[in-house]
Amino acid sequence: MLLQRGPACGSGRACQPSGVAATARSAGVRRPSVLPSRNPGGTLRRPLSPAAAASTPAAATAPSGNGAAPAPAAAAAPPPPLPLPPAGGPITGAALGDIVKKLKRLQNGSDIRGIALEGVPNEPVTLSAGAVYFIGVAFARWLRSKGQRAPKVSIGRDPRLSGPLMESAFAAGLLHGGAAVVHLFGLATTPAMFYSIVLSGGASKGPTSPAFFNTAASLASTAKRAASLAADSDDPSAQAAAESVAVTAGASLPAAPTAAEMAGRPYTGAVMITASHLPFNANGLKFFTAAGGLDKPDIAELLQLASQAAAEAGVMVGDTLSETAHMLSASLSSDPTRVARVPFLPAYAAALRDLIKRGVNSPTNYHFPLLGAKIVVDAGNGAGGFFAEQVLAPLGADTTGSVFLNPDGTFPNHPPNPEHPAAMAAGAAAVRSAGAELGIVFDTDVDRSAIVDASGREINSNRFIALMSAVVLRQHPGTTVVTDSVTSNGLTSFIQALGGKHMRYKRGYKNVIGAGVKLNAAGEDCQLMMETSGHGALKENYFLDDGAYLAVKAIIEHVRRRNEGSGGLAELLAGLAEPAESREWRIGISSPDFKTVGGQVLSAFRELATNGSHPDWALESVNHEGWRVVVDEGEGRKGWALLRQSLHDPLLVLNVESELPGGAEATAARVAAFLRSPAIVALPLDLKALAQLAPKA
Ligand SMILES: O=P(O)(O)OC[C@H]1O[C@H](O)[C@H](O)[C@@H](O)[C@@H]1O
């Protein structure tokens, strides 16, 4: 695939293992298994570092010691919204129209996205702290409008440099909009944010339950078990591994939240501040309630509410940061009991560890199912490093050789994106140099992932969907798998050969998941909804696109198979026929009215495919996103070409798959000839892209 979104890979830094356990092991250091002190409730406590304590006004105003404010009493009357800060008086007319327009442009499907840091030429800030503040006001009002009397909202963020400011601005907005309690998790992942609702008791059905919130107890027992294992074992490698587990479990994990912080009311809303794999200067917001992620219409409503709030306050969206900072500190210092910093990843990691323990269900080694397994993680300096340090290592895995675990909002090594060749190449290199049996590659906010097998083969896109299909079809014979529209013919045959059904739907993970939800509602069992981008949702996991959960499932399957002596994960893909070629070209449309221009090109393409000029093409509709032609490549071979509008960008996207070497270029050249035909060439398409599309034509 010729995907080149976002900056090219890296600064050429060497791949370094990171993480406490990895560092200790690679240096040959044996650390004593010292447990941190316990409070009377038995929970592990660690004070915030001075840097962390100073990093947000919220933390600065929280009681000293652990940075946590008391949890609200469950039955207390909901506190009134704080008044919006006085500013220039209500805004009306053209100025209001301007605010509405600016805020509307921040919608990116079911997310909010924009440029949050200045400094990149021609990329002015669009997602200002002011805008984020008013979106915070809007989210609280929106939750209240849905019947929540006292919204309790968690906020997480990826490591982007603009994250702390966005977090503070959003928190202040929430309080002004009428949220009762706001918990700042700091570094978190997108699925973890939904899990904050689940694990606090806000969503009842699923693979986990609030019992997993007893993180502290689970950590302590892990440490104890590891220590006794180390003492009992005659096998020096098991002993070393167990000792490192004890070190990690007992001493290296961050403090878990207290029972008071977590046993209160469930979170009723959660927000992740992230722009996924987009460059460092972008940022954005993803929203959850107990019902799952907010959808497109919800985001449109939120932005409308944000405009209203800005108009009432008389503050323009682009207003200066100092004004925002002022509003923020005023609101936070006015009621510190409503805001707390709560480290959440430890609780979430405990839930993931438990899933792996239960999934592998080892009769001999229940608590350390990964002892003896060497698994590396490439987190791309996003938020996924915890997975190696807090999920895999405490279960006994040797994660030495993992790369880019440290969060770094400049993403200096490669774009954290399992669709990006540089990310997959780095993951594969890490597996090879560590001699690992499995590698996991995460995107920035961990809602997407990919796998690398022991030979360094990259298992992303079609291969990862095939792998997950094999896993779910073993557990749910005959189930349906919904995918996006650019999956290979080989994937369809693979799923069918395993007894499953394949529904190839549109691009866009929300579209894919939505289609699966509909099938289930209509009585057809659909266990897996997965895009080639690496977004994958399972019915058993709240229909949530969740890269960490996919990794957990893959690891369970790998270890289970290995324990049974039936080979590792890679063998599951033996029956997958791969196309000889699979390529993508992106053709820019230089017009503000790109949807209309794109539509014109697509109707002309449809006409071309049906007018008999290409007898080896058969038209296939693909759910209004564009047109797919099936190409008869002779001798029973079939390729295809799909021309569609990009979901977000002013682009047409051409995907071509062929079973013949050179076949993709040949089909693309015919599409290029069409795009250069007199009727089309008059349209504002990017001719540079056309030249790339078929250089020889
Ligand atoms: O339509 P495109 O430009 O190819 O982008 C489509 C992709 O956009 C984002 O990355 C979404 O997260 C994906 O779900 C979607 O498939």
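Predicted model, so just to flag it, every value in this text is computed and none were measured. First listed ligand is number 1; within each ligand, the first listed atom is number 1. These numbers come from the heavy atoms of this one structure, side chains and all, not from hydrogens, waters or symmetry mates. Position 1 is the first residue of the sequence; numbering continues from there.
- Proximity annotation for atom 1 (O) of ligand 1: of Leu647, Val512, Asn417, Asp447, Leu647 comes nearest, heavy atoms only.
- The residue among Arg507, His648, Gln645 with a heavy atom at the shortest distance from atom 9 (C) of ligand 1 is His648.
- Under the 4.5 Å side-chain criterion, counting only non-hydrogen atoms from C-beta, Phe287 is in contact with Ile299.
- When each atom of ligand 1 is checked for a heavy atom of Tyr509 under 4.0 Å away, the hits are 12 (O), 14 (O).
- More than 12 heavy atoms of other residues, nucleotides or ligands sit less than 6.0 Å from atom CD of Glu620.
- When each atom of ligand 1 is checked for a heavy atom of Arg586 under 4.0 Å away, the hits are 2 (P), 3 (O), 4 (O).
- Proximity of Lys510 to ligand 1, defined as any heavy-atom pair under 4.0 Å, is not found for any part of the residue.
- Proximity of Phe494 to Asn462: side-chain heavy atoms (C-beta onward) are nowhere separated by under 4.5 Å.
- Atom NZ of Lys539 has more than 12 neighbouring heavy atoms from other residues, nucleotides or ligands inside a 6.0 Å radius.
- Note: no N/O pair closer than 3.5 Å links Ser533 and ligand 1 by distance alone.
- For ligand 1, the atoms closer than 4.0 angstrom to any heavy atom of Glu531 are 13 (C), 14 (O), 15 (C), 16 (O).
- Residue-ligand proximity, His535 to ligand 1, at heavy-atom distances under 4.0 Å covers atoms 12 (O), 14 (O).
- For Tyr267 and Phe185, the gap between ring centers is short of 6.0 Å.
- Of the N and O atoms on the side chains of His648 and Arg113, not one donor lies less than 3.5 Å from an acceptor on the other residue.
- Listed by atom number, the atoms of ligand 1 under 4.0 Å from Arg644 heavy atoms are 1 (O), 2 (P), 4 (O).
- Here the side chains of Phe404 and Pro416 are not in contact, with every heavy-atom distance at 4.5 Å or above.
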